[in-house]
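A short write-up of the structure that comes next.
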Amino acid sequence: MDTPSLLGPVGERVPEVERIAVLRANALGDFIFTLPALEALRAAYPSAEIVLLGAPWHAKLWRDRPGPVDRVLVVPPAPGIRDPGPDEAGPALDDFLAAARDERFDLALQLHGGGRNSNPLVAGLGARVTAGPRAEDAPPLDRWIRYVYYQHEVIRYLEVAALVGAPATTIVPALAVTEADRAEARRVLGEPRQPRVALHPGATDTRRRWPSERFGEVARALVGDGYEVLVTGTPAEREVVEAVVAAAGVPVRPQVGTLSLGGLAACYAGCALMVSNDTGPLHLAAAVGTPTVGVYWIGNLINGATPLRARHRPIASWTTQCPVCGMDCTRDIYPHRPGDGDCPHRDSFVADVPTVEVVEAARELLRG
């Protein structure tokens with residue numbers, strides 16, 4: 001019988017659980033959102049081994065890192081699960097599942113989305129009990145909840161953990177920073193001569209990118225306030241980082257691919273503030289305890305922005321129509337609204353956010 005909890009009903013705890021598989025093999029921010037659910041599983045099943053079915057970068061991140069993940073099994077690339085990395089070769093999915101069944105998982109949780117591709121994978125693990133979200137086009141697991149797109153990702157996966165008797169212990173994602181992380185950051189960045197602020201102007205989805213010149217204006221204001229400004233980015237984001245550096249017109253420090261993910265976590269942990277688009281590094285910074293100002297499209301704010309305001313300021317763009325063609329881009333979620341076709345444009349949906357709002361939020365948090 002279900003029992004009540006802060007976040008809704010909690011299903012029966014599964015007896016004699018020794019090993020739990022959790023599928024979450026996609027991007028950095030997506031994984032950060034699952035950390036409270038992993039903590040709930042750890043609290044409910046303290047003696048069980050929690051095995052993350054993830055990507056190669058998960059295995060590197062969790063090597064010698066304290067937290068709710070005991071071990072990582074790298075899932076092979078597969079449609080709807082994860083894309084292959086450069087020159088990546090590994091077992092076929094069928095071979096992976098055959099080997100995974102030898103692990104004899106007691107629980108297998110899908111924390112990977114609507115389930116069209118991921119629910120069959122989780123079902124194929126052969127666990128005694130499976131659980132996860134289910135969209136209309138997905139097969140059911142043993143215990144499931146309906147996947148509704150507009151729901152905060154942290155809460156979505158806490159509800160999944162609750163299905164197997166693991167109520168929430170926190171709603172705040174937290175990631176430990178190790179001494180090895182800090183040593184790497186010191187080696188690359190040196191000791192700070194002034195308080196540091198990080199800007200991250202990239203995002204895989206270009207519709208989430210605030211214009212580079214606005215980030216440059218923020219950098220100029222904060223350098224004028226006496227802060228050392230770092231501009232971080234992946235190698236694929238080098239061009240946008242260089243555009244911010246040029247727009248700033250004052251000395252800032254670009255950091256493109258200079259740090260591992262753990263080193264980047266330590267870099268952000270050593271900053272007084274992080275200003276970013278809605279992308280993985282923003283959520284990483286929050287998870288290591290750094291105050292953040294995030295620029296969000298309103299739909300992404302619903303699904304991903306922290307609800308906490310003592311240390312975080314998400315700033316929303318309310319644009320819902322394509323700035324190029326005017327198409328209502330909510331139609332994928334609300335098909336009865338007027339308009340037809342798919343918008344092909346990838347221009348920014350957050351360009352209407354004024355610089356002054358971001359600077360004011362940054363200064364308020366820095367004063368705090």
Side-chain angles (χ1 to χ4, degrees), residues 22 24-25 27-43 46-74 85 154 169-200 227-235 241 252-276 279-292 306 308 310-312 365-366 368:
V22 177
R24 186 66 167 185
L28 173 61
D30 299 318
F31 174 71
I32 295 291
F33 294 145
T34 68
L35 288 170
L38 291 165
E39 294 287 0
L41 290 169
R42 168 60 68 227
S47 62
E49 181 187 30
I50 297 178
V51 180
L52 177 69
L53 309 187
W57 70 263
H58 291 102
K60 293 179 182 178
L61 180 67
W62 283 101
R63 190 174 298 133
D64 301 322
R65 186 175 304 278
V69 174
D70 296 307
R71 182 161 54 97
V72 175
L73 282 182
V74 175
V154 168
T169 59
T170 181
I171 62 168
V172 180
L175 184 75
V177 178
T178 69
E179 185 50 45
D181 298 334
R182 295 186 184 94
E184 179 188 349
R186 285 194 298 268
R187 186 171 62 252
V188 172
L189 301 172
E191 295 293 346
R193 295 185 297 272
Q194 304 158 272
R196 282 177 176 156
V197 171
L199 310 184
H200 191 91
Y227 293 91
E228 178 185 14
V229 173
L230 310 177
V231 186
T232 61
T234 66
V241 169
V252 298
R253 296 182 64 184
Q255 300 294 318
V256 179
T258 58
L259 292 159
S260 70
L261 191 53
L264 190 66
C267 165
Y268 293 150
C271 289
L273 182 73
M274 160 69 142
V275 181
S276 175
T279 189
L282 175 68
H283 306 296
L284 175 64
V288 298
T290 302
T292 66
T306 174
L308 306 177
R311 296 167 61 82
H312 305 288
L365 288 172
L366 289 166

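Counting from 1, the numbers follow the sequence of the chain as shown.
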Test your reading of the model: is there a side-chain donor-acceptor pair from Arg24 to the backbone of Asp30, 3.5 Å cut-off?
yes

Is the shortest heavy-atom distance from the side chain of Pro36 to the side chain of Thr170 under 4.5 Å?
yes

Interatomic distance, CG@Leu199 vs CE@Met274, rounded to 0.5 Å, equals 8.5 Å

For the student: nearest non-hydrogen atoms of Ala40 and Thr169, plus distance:
N-OG1, 4.2 Å

Without placing hydrogens or testing angles, list every side-chain donor-acceptor pair under 3.5 Å for residues 50-61, not counting sequence neighbours.
{"unit_1": "Trp57", "atom_1": "NE1", "unit_2": "Asn26", "atom_2": "O", "d": "3.4"}
{"unit_1": "His58", "atom_1": "ND1", "unit_2": "Ala55", "atom_2": "N", "d": "2.8"}

Does the side chain of Val22 come within less than 4.5 Å of Leu41's, by heavy atoms?
yes

Minimal heavy-atom distance between Leu365 and Ala310, with the atoms involved, is CD2-O, 3.8 Å

Would you indicate whether the side-chain heavy atoms of Val197 and Leu230 approach each other to under 4.5 Å?
no

Atom pair OG1 (Thr232) and CG (Leu284), whose distance is rounded to the nearest 0.5 Å:
9.5 Å

In short, Thr290 meets Tyr268 closest at the heavy-atom pair OG1-O, 2.6 Å

Less than 4.0 Å between a side-chain N and a carboxylate O, is that true for Glu228 and Arg193?
no

Taking side chain as C-beta onward, heavy atoms only, is Tyr227 less than 4.5 Å from Gln194?
no

For Thr34 and Phe31, indicate whether the former's side chain and the latter's backbone hold a donor-acceptor pair under 3.5 Å.
yes

Polar side-chain atom of Ser260 near backbone of Gly263 as donor-acceptor pair, under 3.5 Å
yes

Minimum heavy-atom distance between Gly257 and Pro235, given as atom pair plus value:
CA-CD, 4.1 Å

Worked verdict on His283 versus Leu28 for side-chain contact (heavy atoms from CB on, under 4.5 Å):
CA-CA 8 Å; His283 306 296; Leu28 173 61; over 6 Å; no

Ion pair present between Asp70 and Arg42, side-chain N to carboxylate O less than 4.0 angstrom?
yes

Apply side-chain hydrogen bond (donor to acceptor under 3.5 Å, both in side chains) to His312 and Thr292, showing your working.
CA-CA 5 Å; His312 305 288; Thr292 66; 2.8 Å; yes

Value for CZ (Arg186) from CD (Glu191), rounded to nearest 0.5 Å, stands at 6.5 Å

What's the shortest heavy-atom distance between Arg253 and Val188, and which atoms?
NH2-O, 4.1 Å

Between Glu39 and Pro68, the two heavy atoms sitting closest are OE2-CD, 3.6 Å

Distance (rounded to the nearest 0.5 Å) between Glu184 CD and Leu189 CG:
9.0 Å

Going from CG on Leu273 to CG on Leu366, what distance comes out if it is rounded to the nearest 0.5 angstrom?
4.5 Å

With rounding to the nearest 0.5 angstrom, report the CD1 to OG1 distance, Ile32 to Thr306.
12.5 Å

